[in-house]
Amino acid sequence: MQRTRIRNMLAEETGGPILLKGWVRTRRDAKGFSFLEINDGSCLANAQAVVDHTPELSAALEGATTGAAVAVEGELVASPAAGQKWEVRAKSILIYGCADPETFPLQKKRHSDEFLRGIAHLRPRTNKYGAMLRVRSEMALAVHEFFRARGFFYVHAPILTGSDCEGAGEMFRVSNLEAEQAARLSPELREAAEFFGRPAGLTVSGQLEAELMALALGDVYTFGPTFRAENSNTPKHAAEFWMVEPEMAFANLADDMDTAEALVKHLAGHVLTHCAEDVALFGKYVDPTLIPTLEGIVAQPFARITHAQAIAELRASGRAFEFPVHETSDLQTEHERYLCEERYKRPVIVYDYPKEIKAFYMRLNDDGKTVAAMDLLVPRIGELCGGSQREERLDVLARRMTELDLPEEPYAWYLDTRRYGSAPHAGFGMGFERLLMLVTGIANIRDVIPFPRTPGHLEF
RNA sequence: UCCCCGGUAGCUCAAUCGGCAGAGCGGGUGGCUGUUAACCACUAGGUUCGCGGUUCAAGUCCGUGCCGGGGAGCCA
């Protein structure tokens, strides 16, 4: 007999013979029979099995403790009690794998996120992390759905790279040499001995490569792992994370902002309609403001203000910020939160930043002082997307690189795109885990990725 | 990397001014005719993070190390 997934069982119209396979969440014993709650990961809900204390079933029940993997074969019948539509009257139970109740760390109670991080190999079996993983999968598909519907092509940027994208972050070095062996070599010999014949690293961004492909395919996006060796110890930074990076030819900053806003709206709407049960769990136990926040994101246009306007707003607020507001400085976390959570109470896109605080490839505005950059800020998290119109004018780009003391040689291929058939284009990066924090209400990035990598942590 | 806070039973936490180490949950045993984080009774369970110091006496005070969390910076 084929097993039925609990998600499908719940949608059954009629009862009948059924086989469930999953993990025991809890067992409640009464005189003469027991209730066994089973979860198979297909959805948040458990299936309730009613198990009479016959000699054979009693023997099997001994091993059916919290955490055990089991198969339950029986009859799907309407449940006489409130709480569930269906239940399974068990005829036979098979224990695939026991879970010693003395040592199995997951209990029938809520655990702290901190404790669960220490058992990241088992936490997917909890309601909260199971829900997070289902939402994560659904959101990844929704990203593809969004871009596909708009004619974007999904491109794969390399993960191993020989170029440091202008220091979007510190790179992890990649080498096949033994550390002691490498240390004995002179720099020249070492370079020659390296697998690639040159220093290599893990990508900090697929942007430069995405630009090249946008200038051929029109509209493209990358969606892959990204690595930053920054010693950041915060709830919104990880050393390994996933990033979505669209890049659009013949697009300006306004198009860029439109796309970012549409993407975030699409994803917020998608999670509400396609992950309703899991979102309800997050709304109930993780963040009571979650569902209204997501509904607001879908319904209201985002605020759009220039960096200069943002500075003016902050000054007009009369707030005593810990960090003073300055025309040529970036917004501090407290400034972002004020704008998003208090002044506008919705996502805010800040654009036209002073060129001093932004990267070399961002397009210089006609004022000669600002660049066509934008950050999409969301409540609680801060920067969700960061992007810009790219500098497509070879002479301006070269001048900016000189100003910033960047050597042209390593970027020759990048500059070539401005030499041959250059075109206006724009793009942005969206941190996928930050998006998940937004749509689940989960407050720490370490809890929206299965196995978080942060400074000092490479477990599992 | 800087600042702040914390580390006590398997988990979440309490322990007054330095004075006998505690609760709830979880586990075990027994009970209960339909439970829903079941319920009731009983029970086991401790290097109070490590090291050093002060004291008649340290979970509590001091020093130091390790680990964790929050805030900041860097950013997505």
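Small disclaimer: the values here were computed from a predicted structure and weren't measured.
- Residue A:R446 has a polar side-chain atom (N or O) positioned under 4.0 Å from OP1 or OP2 of B:G70.
- A 3.5 Å limit on both hydrogen-bonding distances identifies B:C67 as the Watson-Crick or G-U partner of B:G6.
- The nucleotide B:C39 finds its pairing partner in B:G31, both defining distances of the Watson-Crick or G-U wobble pair being shorter than 3.5 Å.
- The nucleotide whose nearest atom lies closest to any side-chain atom of A:P235 is, among B:G71, B:C25, B:G34, B:G71.
- Rounded to a whole Å, the CZ atom of A:F35 is 13 Å from the C1' atom of B:C39.
- Dashed line: the shortest gap from a side-chain N or O of A:N233 to OP1 or OP2 of B:A72 is not under 4.0 Å.
- A side-chain donor-acceptor contact under 3.5 Å links A:D113 and A:Y129.
- When heavy atoms are screened at a 4.0 angstrom cut-off, A:R25 is found touching no nucleic acid atom at all.
- For the residue pair A:D352 / A:T370, no side-chain donor-acceptor distance below 3.5 Å is found, with atom types taken as modelled.
- Nucleotides B:C20 and B:C56 have their C1' atoms positioned 16 Å apart, rounded to a whole Å.
- Between A:W86 atom CH2 and B:U35 atom P there is a gap of 21 Å when expressed in whole angstrom units.
- The residue A:H53 sits apart from the nucleic acid: no heavy atom pair falls under 4.0 Å.
- Contact annotation: A:R28 side-chain N/O to B:U35 OP1/OP2 distance is not under 4.0 Å.
- Here, B:G19 and B:C5 have their P atoms 22 Å apart, quoted to the whole Å.
- The shortest distance between the side-chain N/O atoms of A:H457 and the OP1/OP2 oxygens of B:G68 is below 4.0 Å.
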Evaluate the criterion side chain to side chain contact (heavy atoms under 4.5 Å, CB included) for residue pair A:Q389 and A:D256; output intermediate values, then yes/no. CA-CA 7 Å; A:Q389 183 173 343; A:D256 208 32; over 6 Å; no

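- Heavy-atom nearest nucleotides on RNA chain B were determined for A:G429 and for A:T65, and the one closer to the 5' end corresponds to A:T65.
- Taking the charged nitrogens against the carboxylate oxygens, A:E247 and A:R390 do have a contact shorter than 4.0 Å, which makes a salt bridge.
- A side-chain donor from one of A:Q207 and A:E211 sits under 3.5 Å from a side-chain acceptor of the other.
- At whole-Å resolution of the value, CZ in A:R228 and P in B:G73 are 17 Å apart.
- At a threshold of 4.0 angstrom between heavy atoms, the contacts of A:E240 with the nucleic acid are absent.
- OP1 or OP2 of B:G69 lies within a sub-4.0 Å distance of a side-chain N or O belonging to A:R117.
- For A:F223 and A:Y154, the ring centers sit 6.0 Å or farther from each other.
- A donor atom on one side chain and an acceptor atom on the other are found under 3.5 Å apart for A:N127 and A:R25.
- Comparing A:F115 and A:K31 by the nucleotide of RNA chain B that holds the closest heavy atom to each, the one mapping nearer the 5' end is A:F115.
- Side-chain N/O atoms of A:Q84 and A:S79 include a donor and acceptor closer than 3.5 Å.
- Residue A:H111 is in sugar-phosphate contact alone, with no base atom involved, counting any heavy-atom pair closer than 4.0 Å across all strands shown.
- When both distances must be under 3.5 Å, the Watson-Crick or G-U wobble mate of B:U16 does not exist.
- Atom pair A:L331:CG and B:C75:C1' shows a separation of 13 Å (rounding to whole Å applied).
- Counting any heavy atom pair closer than 4.0 Å across all strands shown, A:R89 reaches a base atom.
- Among the atoms of the strands shown, only primed sugar atoms or phosphate atoms (P, OP1, OP2) are found under 4.0 Å from some heavy atom of A:L384.
- Here, B:G27 and B:G70 have their C1' atoms 33 Å apart, quoted to the whole Å.
- Only the C1' atoms considered, B:A15 is 9 Å distant from B:U60, to the nearest whole Å.
- Among the protein residues, A:G32 comes within range of no part of the nucleic acid, since none of its heavy atoms lies under 4.0 Å from any strand.
- Using a 4.0 Å cut-off, no side-chain N or O of A:S112 falls inside it from OP1 or OP2 of B:C11.
- Nucleotide B:C74 is matched to nothing when pairs are restricted to Watson-Crick or G-U wobble geometry with both distances under 3.5 angstrom.
- Pair assignment for B:G26 gives none, since no Watson-Crick or G-U wobble pairing has each distance under 3.5 Å.
- Contact annotation: A:T333 reaches the phosphate of B:G73 (side-chain N/O to OP1 or OP2, under 4.0 Å).
- Distance noted for atom C1' between B:U55 and B:C2: 36 Å (whole Å).
- Residue contacts for A:S34: at a heavy-atom cut-off of 4.0 Å it reaches no nucleic acid atom on any strand shown.
- Residue contacts for A:E433: at a heavy-atom cut-off of 4.0 Å it reaches no nucleic acid atom on any strand shown.
- Among the atoms of the strands shown, base atoms are found under 4.0 Å from some heavy atom of A:Q84.
- Remark: A:K108 is in phosphate contact with B:A38, judged by side-chain N or O atoms under 4.0 Å from OP1 or OP2.
- The residue A:F432 sits apart from the nucleic acid: no heavy atom pair falls under 4.0 Å.
- Nucleic acid contact class of A:P80 (heavy atoms, under 4.0 Å, all strands): base.
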